2 protein chains.
Amino acid sequence: MTITDVARHAQVSTTAVSKVVRNAYGVSEAMRVKVQAAIDELGYRPHHAARAMRGRTFTIGVLLPHIRNPFFADILDGLTEEISASGYQAIMVQSGGRDPAAERRAGDALVDRQVDGILWVAPCCAKAQLEQLAKDTPTVVLGRHDRSAVYDCVLDDDEVGAELVVEHLIALGHRRIGHITQKDDLPGRAAALLQTIRARTYERVMTERGLAAHIAVAATSYSEEGGYEGARQLLARDPRPTAIFAGADGAAFGALAAVHEAGLTVPGDVSVAGYDNARMSGLAHIALTSVDQDGAIMGKTAGRLLLERIDGRTSAVRFSVTPTLVTRRSTAPPPRS
Amino acid sequence: MTITDVARHAQVSTTAVSKVVRNAYGVSEAMRVKVQAAIDELGYRPHHAARAMRGRTFTIGVLLPHIRNPFFADILDGLTEEISASGYQAIMVQSGGRDPAAERRAGDALVDRQVDGILWVAPCCAKAQLEQLAKDTPTVVLGRHDRSAVYDCVLDDDEVGAELVVEHLIALGHRRIGHITQKDDLPGRAAALLQTIRARTYERVMTERGLAAHIAVAATSYSEEGGYEGARQLLARDPRPTAIFAGADGAAFGALAAVHEAGLTVPGDVSVAGYDNARMSGLAHIALTSVDQDGAIMGKTAGRLLLERIDGRTSAVRFSVTPTLVTRRSTAPPPRS
DNA sequence: TTGAAAGCGCTAACAG
DNA sequence: CTGTTAGCGCTTTCAA
């Protein structure tokens, strides 16, 4: 079933069919109807690869560190909702998380497949690499705090979010508040990463509130394992913290497990707060205090920005979501002792 | 940067370059070295679309209902590990879960993009559609219990798994054991779906053990919401069950929340067991009894089978994993009362 | 408004 | 073992 078959069946040229398929300018209504009828009758679908050789692929590539993080599911739902109406299809590739070489390969895989636009979630590569990519392919970067003239940024205001958590814990009466962050070995680009913002804000607020002496950071990772290990490090301190602010919900789950395993209760002995407000955090038997940053809106916006760029926009846009604190039962005043 | 540039630079024909790139038969070592040098020097990367017009895309398409289910992450890890060495790239597409029309669109999107093979996870479409697809594209279906001569199947023995759970609960002394299943509106193909097997096995074992009168099934869905709602239905019965077997861990999490919200304790008042042994289930503060089915092995096997099929195998293979029960603190003997 | 024809980068059949 | 050549299905000038 090729464009030639359709042309023959409709008794017109392939050019005419091509124009109808692409909704291009310069086709009479009669022609449109006739060709469309042939298309429907023959069940013709354009050959994707042939199309890609000259024009668009109607594909948006999404680069995710990994699909385990439930927050990404929200982002993807938003994106899908936004782009599906326009005939675009999202394809996802895992970048593998924290290995820059693997991340680069994943990015190249999308470029090679000539996606019309790329949504890159939480990239860990150098900014130069992103700009290089964005020169040729419309790009939206999600979850990074740098600014660029060639790609759009969608992010949550992690400074506000982290501040909300730390202030909340201080208001409850906590002083020894520990933090679990993600440690990446990426010289020079740390300042742009969201984990850096969250950690620095934690330190800033602690300092501003006269609690600099109580700053305690476990640098592991934003995963369940990282949270578990990080919480164990923090709980081993003497005196131990009365509250733990984990930089991500996954890490907070790991922290809850570690607290539990240490024979302590939440929030009786230790309060725990997370970030992202993953769906699971709201379940009654977990009831994790967390920062909500509406991933669906972020994904939807990223999709819109991408379509705009594909459509020709070249100016850079920056979209920042203001997060809110959702307090649940995992945080409470510290024990009296 | 085209194959012609490389050919000119190396002073050879494009055919020679093509053969070197594809590792094809009939190239002298000297030629290989010379061409490879030119490729490296020029940083040549084959044009994907042009390649797709004639031969392979070196792409494997993965069709997932949605990326929220953490079990799928295990599958993908296994798949990636298996195929990465062979130069294949996995791209994922969300089928949207339970809408057959959306699922078909997602499948078509992969076919249109000429992936060399498809791993279809938990499809809900008719078997005929799968066979239609498999006629043209090497296909592996994961998590369905039908047999086919044209595609391979990778699955876990859900009958064994469900039996393990129910027997475990009975051995603990439970008699009123409820089950949460997923209800799809797919006439005729229910028997092939894993949720059907799990539910039927539950009913079979209950009956065999003389507990037919205590069978109680909540037909919602394998999600947190579904588990929550299903558990509420079960707990509303009088007398209420002393144990709940949720057909998936996500649903079990929802069930835990519902039990908690009802002012009951786990496992004091109600035992809860899940299926899949998601990573989170093992965390100390959740400690969910669950059935382990090693998704990484399943994904790895699926990858291998796909590569074999791409390589020419036409006979159908069926790979079944035997699951094991992991008992944790969420299940215990029923209250005395 | 329509159609003929060139050519995108690659692979495969065939000739040397 | 190596090179020449004919397309793959589509879009895009450019004429008519």
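Bear in mind the structure is a predicted one, so any value in this text is a computation, not a measurement. Chain letters run A, B, ... following the sequence lines, proteins first, then strands; residues in each count from 1.
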Derivation of the side-chain hydrogen bond (donor to acceptor under 3.5 Å, both in side chains) call for B:Arg22 and B:Ser18: CA-CA 6 Å; B:Arg22 288 175 294 126; B:Ser18 175; 3.0 Å; yes

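- Rounded to an integer number of Å, the gap from NE2 of A:His48 to P of C:dG9 is 17 Å.
- At whole-Å resolution of the value, CZ in A:Phe58 and P in D:dC10 are 13 Å apart.
- Here C:dA13 presents its C1' atom at 11 Å from NZ of B:Lys19, a figure rounded to the nearest Å.
- Side chain of A:Met53, nearest nucleotide from C:dT11, C:dC8, D:dC8: C:dC8.
- If you measure from atom CD of B:Gln11 to atom P of D:dT4, you get 13 Å, rounded to the nearest angstrom.
- To the nearest angstrom, P of C:dT2 lies 15 Å from CD1 of A:Ile3.
- Rounded to whole Å, the distance from CD on B:Gln114 to C1' on C:dC10 is 13 Å.
- Two residues, A:Thr14 and A:Glu29, neighbour DNA chain C, and the one matched to the more 5' nucleotide by heavy-atom proximity is A:Glu29.
- Contact check, B:Ser28 against D:dT2: a side-chain N or O comes under 4.0 Å of OP1 or OP2.
- The distance from atom CG of B:Leu110 to atom CG of B:Asp116, rounded to the nearest 0.5 Å, is 11.5 Å.
- Projected onto DNA chain D by closest heavy-atom contact, A:Pro46 and B:Tyr25 fall at different nucleotides, the more 5' of which corresponds to B:Tyr25.
- Across all strands shown, A:Arg22 has heavy atoms under 4.0 Å from base atoms, whether or not it also approaches the sugar-phosphate.
- Residue contacts for A:Thr15: at a heavy-atom cut-off of 4.0 Å it reaches a base atom on one of the strands shown.
- Spacing between atom NE2 of A:His47 and atom P of D:dT11 amounts to 12 Å, rounded to whole angstrom units.
- When the C1' atom of C:dG9 is taken as reference, atom CG of A:Asp112 falls 13 Å away, rounded to whole Å.
- Judged purely by atom type and a 3.5 angstrom limit, B:Lys127 uses its side chain to pair as donor or acceptor with the backbone of B:Arg147.
- For D:dG3, the OP1/OP2 oxygens have a side-chain nitrogen or oxygen of B:Ser13 closer than 4.0 Å.
- The side chain of B:Arg54 places no N or O atom within less than 4.0 Å of a non-bridging phosphate oxygen (OP1 or OP2) of D:dG9.
- Distances shorter than 4.0 Å separate some side-chain N or O of B:Tyr44 from OP1 or OP2 on C:dC10.
- Between B:Arg51 and C:dG9 there is no side-chain polar atom (N or O) within less than 4.0 angstrom of OP1 or OP2.
- Using a 4.0 Å heavy-atom distance criterion, B:Val21 is classed as making no nucleic acid contact.
- Judged by distance alone, with hydrogens and angles left aside, the side-chain atoms of B:Asp152 form a donor-acceptor pair with the main-chain N or O of B:Val317 at under 3.5 Å.
- A donor-acceptor contact closer than 3.5 angstrom links the side chains of B:Thr59 and A:Arg113.
- Minimum atom distance to the side chain of A:Ala16 is reached by C:dG3, of the listed D:dT2, D:dG9, C:dG3.
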